[in-house]
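Before any comments, here is the structure.
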There are 2 protein chains.
Amino acid sequence: MASHSAASVTQGSEARGPRERMVIHAADLIGRDGVAATSIGDVIAASSAPRGSIYHHFPGGKTQLMTEAVRYAGDFIADRLGTLRSHTAADAVTDIGDVWRRMLINSDYQFGCPVLAGGLARRTEPQVADVAEEVLTQWTKLVASRLVVEGVDVDRAGSLANLIVAAIEGAVGLCQTQRSVEPLDNVIRELALLTQSVATA
Amino acid sequence: MASHSAASVTQGSEARGPRERMVIHAADLIGRDGVAATSIGDVIAASSAPRGSIYHHFPGGKTQLMTEAVRYAGDFIADRLGTLRSHTAADAVTDIGDVWRRMLINSDYQFGCPVLAGGLARRTEPQVADVAEEVLTQWTKLVASRLVVEGVDVDRAGSLANLIVAAIEGAVGLCQTQRSVEPLDNVIRELALLTQSVATA
DNA sequence: GTCTATACGAAGATAGAC
DNA sequence: GTCTATCTTCGTATAGAC
């Protein structure tokens, strides 16, 4: 872990070209401050990218940069969800929680979910929100199918996955607000208990 | 219901003075667009308030206006939570969900939680986030004590209330993103089921 | 309490040179 | 691909008159 900002979604970004670095650091900043509060200048500064080539790489301007950043964050998290090696549904929930737990603590509770942040920006940045919507749907399906594999009834899995995604997103926001992991820990414990009982039923 | 913006937190704001109208409409706009994307000019336009007296009423500028708005929204929702007349813990959860359900639908899914929005703005507006933190803690305690009254074990109530608040906050964000009540409906159904089983135990 | 005018800076975006 | 202007719009905030 090189710098402070390597705490969230920026791991290994140094090795890449300016364009990709901009996208990665944009995702990081959106997770911290939201879409509206993240300026192109901020992204350039964070990624040590050249000022002069933004509109070369991103002719669509800020909207394009934010859009790609939300998609990047979505894939980044989806990858992590895909590689979890838990063996029960309850463990899977705990592991998903740990992914966020780590990012919160490593960023000193500054980094939240760039995807939800994108979704909340619908009025000013509808295209960004559209991508966020896709990603959230994908995440929920990923969680649901995982629950099914671990023994949860198919009819229940969708609604339970919805609860898990919503509760974790909300808990991450509470953790940012309170600068504490406690909300997430409570939520994960409750979700794991519930998931276990549903999977066993 | 007079105007479109009367759909969220702005009911009866016409009858009040300019200062209070500004606070109410600031809360409304923060719930829609977040703190950073809400400008003083937007608030003035929405509340039909006089341009010249903002810094007379709010010498602390935008920060003060946003701070008071988040507090107002917090009290507004807390009042509603206080007047719910449900008789079981599960019904209480459903009623809380209905409060948000209505605001989402009436605003065409544009209005989300101003308090969480304030909490997410900590880096740029720490004072606003501090108020948001207070409010969220208050809400969680309100829910927890209600659960206890309805038969939930005291040791469990805090953690369950945390889940309920986090899940609803997250669900509201998902509803805004997807322009649909489905996430909230799923979450409320799951939470009601869980709460019922915990209250009965 | 409310107005107008204005200062100041930040941010998105474009043009044209290298 | 990258740089340096530059334009424009917007947003916060202040000053001073009414």
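Below, chains carry the letters A, B, ... as their sequence lines are ordered, and counting in each starts from 1. All values derive from a computational prediction rather than experimental measurement. What's counted below: heavy atoms across the whole structure, side chains too, no hydrogens, waters or symmetry copies.
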Testing dG12(C), dT2(D), dG11(D) for proximity to the side chain of Pro18(A), the answer is dT2(D)
Review point. Are any of the side-chain nitrogens in Asp130(B) or Arg122(B) under 4.0 Å away from the carboxylate oxygens of its partner?
Key: yes
Discussion item. Taking the basic N atoms (NZ, or NE/NH1/NH2) and the acidic carboxylate oxygens, is any pair closer than 4.0 Å for Asp95(B) and Arg85(B)?
Written reply: no
Ile44(B) CD1 to dC10(D) P, in whole Å, measures 15 Å
Separation of dG1(D) atom P from Glu20(A) atom CD, nearest Å, is 14 Å
query = Between Arg189(A) and Asp185(A), is there a side-chain N and carboxylate O pair less than 4.0 Å apart?
reply = no
Rounded to whole Å, the CZ-C1' distance (Arg19(A) to dT2(D)) equals 16 Å
key: Plane angle bin for Trp100(A) and Phe111(A) - parallel if under 30°, tilted between 30 and 60°, otherwise perpendicular   = parallel
Q. More than 12 heavy atoms of other residues, nucleotides or ligands under 6.0 Å from CZ of Arg51(B): is that the case?
A. no
To the nearest angstrom, the CE-C1' distance between Met22(B) and dG1(C) comes to 10 Å
Here the residues of residues 48-63 of chain A within 4.0 Å heavy-atom distance, strictly under, of DNA chain D are Pro50(A), Arg51(A), Gly52(A), Ser53(A), His56(A), His57(A)
Taking NZ, NE, NH1 and NH2 as the nitrogens, is one of them in Arg71(B) or Glu134(B) under 4.0 Å from a carboxylate oxygen of the other?
-> yes
